[in-house]
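So you know, we letter chains A, B, ... as the sequences are listed, proteins then strands, and number each from 1. Below, all heavy atoms of this structure are taken into account, side chains as well, without hydrogens, waters or symmetry copies.
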2 protein chains.
Amino acid sequence: MQPFGCILMFEVMKRDIFQAIADPTRRAIIALIALQAMTPNALAENFHTTRQAVSKHLRILTECELVKPEYRGREIYYSLEIEKMKEIDEWLEQYRQIWETRYEQLDEVLAVLKSQKG
Amino acid sequence: MQPFGCILMFEVMKRDIFQAIADPTRRAIIALIALQAMTPNALAENFHTTRQAVSKHLRILTECELVKPEYRGREIYYSLEIEKMKEIDEWLEQYRQIWETRYEQLDEVLAVLKSQKG
DNA sequence: ATCTTACGAAACCATTCGGTTGCACTTGAC
DNA sequence: GTCAAGTGCAACCGAATGGTTTCGTAAGAT
């Protein structure tokens, strides 16, 4: 068997970030470790599941590089890779343009109504 | 064990918008109808699936109010509810604050390095 | 050296998911 | 009225998902 700390424990497998954030527990994990790095045990105390279940979520989050492990003794501190969150923001950008355009159009309509009124 | 509901409290919705956008086909549907309202038949021509499969995706998107049907004769035109997309943007907001803060800190570091260099 | 703690892996299970096929209903054209 | 077109729905199926339990291994404590 492989020694514990020196081999990649999580296979580098491409995961869909949108599928990663689909699960509410994983979003909660993201919210927690956004504040500070946490171990699987510490994380598990916040949920109604076992540590192993949290570990599986962390595996998925790590596979899509949303989360990064830091090995410290026999503990592993997981922290958020905030850069990866930008991918969601970039995907959202095209739709943000749409709703901003609609706001401008609405502003125009309101301006016209106001000028007609006054 | 921590008191449970503090983090997962908001997951009582019938359909989760994050789960809705997790599927790549549904994201493609969103992208298509963002441009113009489309019928299930017209949508299905863009994918390698049956019309019924697209219909099931549209049902999920409609249930979480990401998509709105408009009945016109025997056809149904589905259009994007752009307002709903803002929910994702609002969720992202907290993390956007984090990465913007890091950028500012990085800028500070770079400024210090530059001043020391010059 | 031995025990405890922290962790991931594996095996297993129930549920959900995405897809297909077949069917029923409604609308519009003939 | 009859027929074709456009839909949604139910039943079914294989695969994926999220969870648990059991285990093996590494690191720290006694």
Side-chain angles (χ1 to χ4, degrees), chain A residues 1-30 33 37-64 66-79, chain B residues 1 4 7-8 11-30 33 37-64 66-79:
Chain A
M1 290 305 120
Q2 295 288 348
F4 185 62
C6 59
I7 286 289
L8 275 183
M9 281 191 290
F10 292 127
E11 303 156 36
V12 202
M13 172 186 162
K14 194 54 184 176
R15 277 263 186 187
D16 188 351
I17 190 176
F18 291 98
Q19 199 239 328
I21 63 168
D23 184 81
T25 302
R26 284 198 288 271
R27 286 201 302 280
I29 290 175
I30 289 173
I33 65 174
M38 292 177 74
T39 66
N41 254 327
L43 279 168
E45 287 174 5
N46 294 275
F47 306 107
H48 193 231
T49 69
T50 60
R51 174 191 57 79
Q52 285 87 337
V54 171
S55 198
K56 287 178 77 171
H57 284 306
L58 286 169
R59 178 192 174 110
I60 289 169
L61 290 169
T62 307
E63 279 177 353
C64 74
L66 258 172
V67 148
K68 182 187 58 181
E70 184 195 331
Y71 301 85
R72 211 182 301 172
R74 63 182 166 185
E75 290 177 324
I76 306 179
Y77 285 81
Y78 288 88
S79 59
Chain B
M1 266 298 178
F4 178 47
I7 292 187
L8 297 178
E11 308 305 326
V12 281
M13 292 167 49
K14 190 180 179 186
R15 276 287 176 182
D16 191 85
I17 189 175
F18 292 97
Q19 198 237 327
I21 64 168
D23 183 80
T25 302
R26 284 198 288 271
R27 287 201 301 278
I29 289 176
I30 289 173
I33 66 174
M38 292 178 74
T39 66
N41 254 328
L43 278 168
E45 288 173 5
N46 294 275
F47 306 105
H48 293 163
T49 70
T50 61
R51 175 192 57 79
Q52 285 90 333
V54 172
S55 197
K56 286 178 78 171
H57 285 305
L58 286 170
R59 179 196 173 104
I60 290 169
L61 292 169
T62 306
E63 278 178 356
C64 73
L66 258 172
V67 148
K68 183 187 57 182
E70 185 195 331
Y71 300 85
R72 211 183 299 173
R74 64 182 165 186
E75 289 178 323
I76 305 179
Y77 285 80
Y78 287 88
S79 59

- request: For C/dG8, take OP1 and OP2 only and decide whether either is under 4.0 Å from a side-chain N or O of A/Y78.
  value: yes
- line: B/M38 CE to D/dT7 P, in whole Å, measures 11 Å
query: Just how far, in rounded Å, is P of C/dC7 from NE2 of A/H57?
result: 16 Å
A/Q19 side-chain N/O to D/dT17 phosphate OP1/OP2 under 4.0 Å: yes
query: Nearest nucleotide by nearest heavy atom, which residue falls closer to the 5' end of DNA chain D, A/R72 or B/P40?
result: B/P40
Between CD1 on residue A/I30 and CG on residue A/L61, distance to nearest 0.5 Å: 5.0 Å
query: What heavy-atom pair brings B/R27 and B/A22 nearest, and what distance separates the two atoms?
result: NH1-O, 3.1 Å
- prompt: Nearest-Å distance, CD1 (B/I29) to P (C/dG18)?
  reply: 11 Å
Using distance only, find each side-chain donor-acceptor pair of residues 40-57 of chain B under 3.5 Å and give its atom names and separation, not counting sequence neighbours.
{"residue": "B/N46", "atom": "ND2", "partner": "B/A42", "partner atom": "O", "Å": "3.0"}
{"residue": "B/N46", "atom": "ND2", "partner": "B/L43", "partner atom": "O", "Å": "3.4"}
{"residue": "B/T50", "atom": "OG1", "partner": "B/A53", "partner atom": "N", "Å": "3.2"}
{"residue": "B/H57", "atom": "ND1", "partner": "B/R26", "partner atom": "NH1", "Å": "3.1"}

message: Rounded to whole Å, how long is the line connecting atom CD of B/E63 with atom C1' of C/dC17?
response: 13 Å
Distances under 3.5 Å between protein N/O atoms and the N/O atoms of nucleotides 20-23 of chain C, please, pair by pair.
{"residue": "C/dT20", "atom": "OP2", "partner": "B/T50", "partner atom": "N", "Å": "2.9"}
{"residue": "C/dT20", "atom": "OP2", "partner": "B/T50", "partner atom": "OG1", "Å": "2.8"}
{"residue": "C/dG22", "atom": "O6", "partner": "B/Q52", "partner atom": "NE2", "Å": "3.0"}

Detail all sub-3.5 Å separations between protein N/O atoms and N/O atoms belonging to nucleotides 3-5 of chain D.
{"residue": "D/dA5", "atom": "N3", "partner": "B/R74", "partner atom": "NH1", "Å": "3.3"}

- prompt: The side chain of B/T39 lies closest to which of these nucleotides: D/dG19, D/dT7, C/dC7?
  reply: D/dT7
- line: Only residue of B/I29, B/I33, B/L58 satisfying side-chain contact (heavy atoms from CB on, under 4.5 Å) with B/M38 is B/I33
field: Rounded interatomic separation in angstrom, taking OH from A/Y77 and P from C/dC7
entry: 8 Å
Rounded distance (Å) that lies between atom C1' of D/dA16 and atom CD1 of A/I60: 10 Å
- prompt: Quick one: A/I76 CD1 to D/dT25 P, roughly how many Å, whole number?
  reply: 17 Å
query: To the nearest Å, how far apart are B/Y71 OH and C/dG28 C1'?
result: 18 Å
- prompt: Roughly how far, to the nearest 0.5 Å, is the CZ atom of B/R15 from the CG atom of B/L66?
  reply: 12.0 Å
Report all side-chain donor-acceptor pairs from residues 70-79 of chain B shorter than 3.5 Å, counting only partners two or more places apart or in another chain.
{"residue": "B/E75", "atom": "OE1", "partner": "B/Y77", "partner atom": "OH", "Å": "3.2"}

message: How long is the straight-line distance from SG of A/C64 back to CG of A/D16, given to the nearest 0.5 Å?
response: 8.0 Å
task: Looking at every strand, decide which applies to A/R26 at a 4.0 Å heavy-atom threshold: base, sugar-phosphate, or nothing.
output: sugar-phosphate
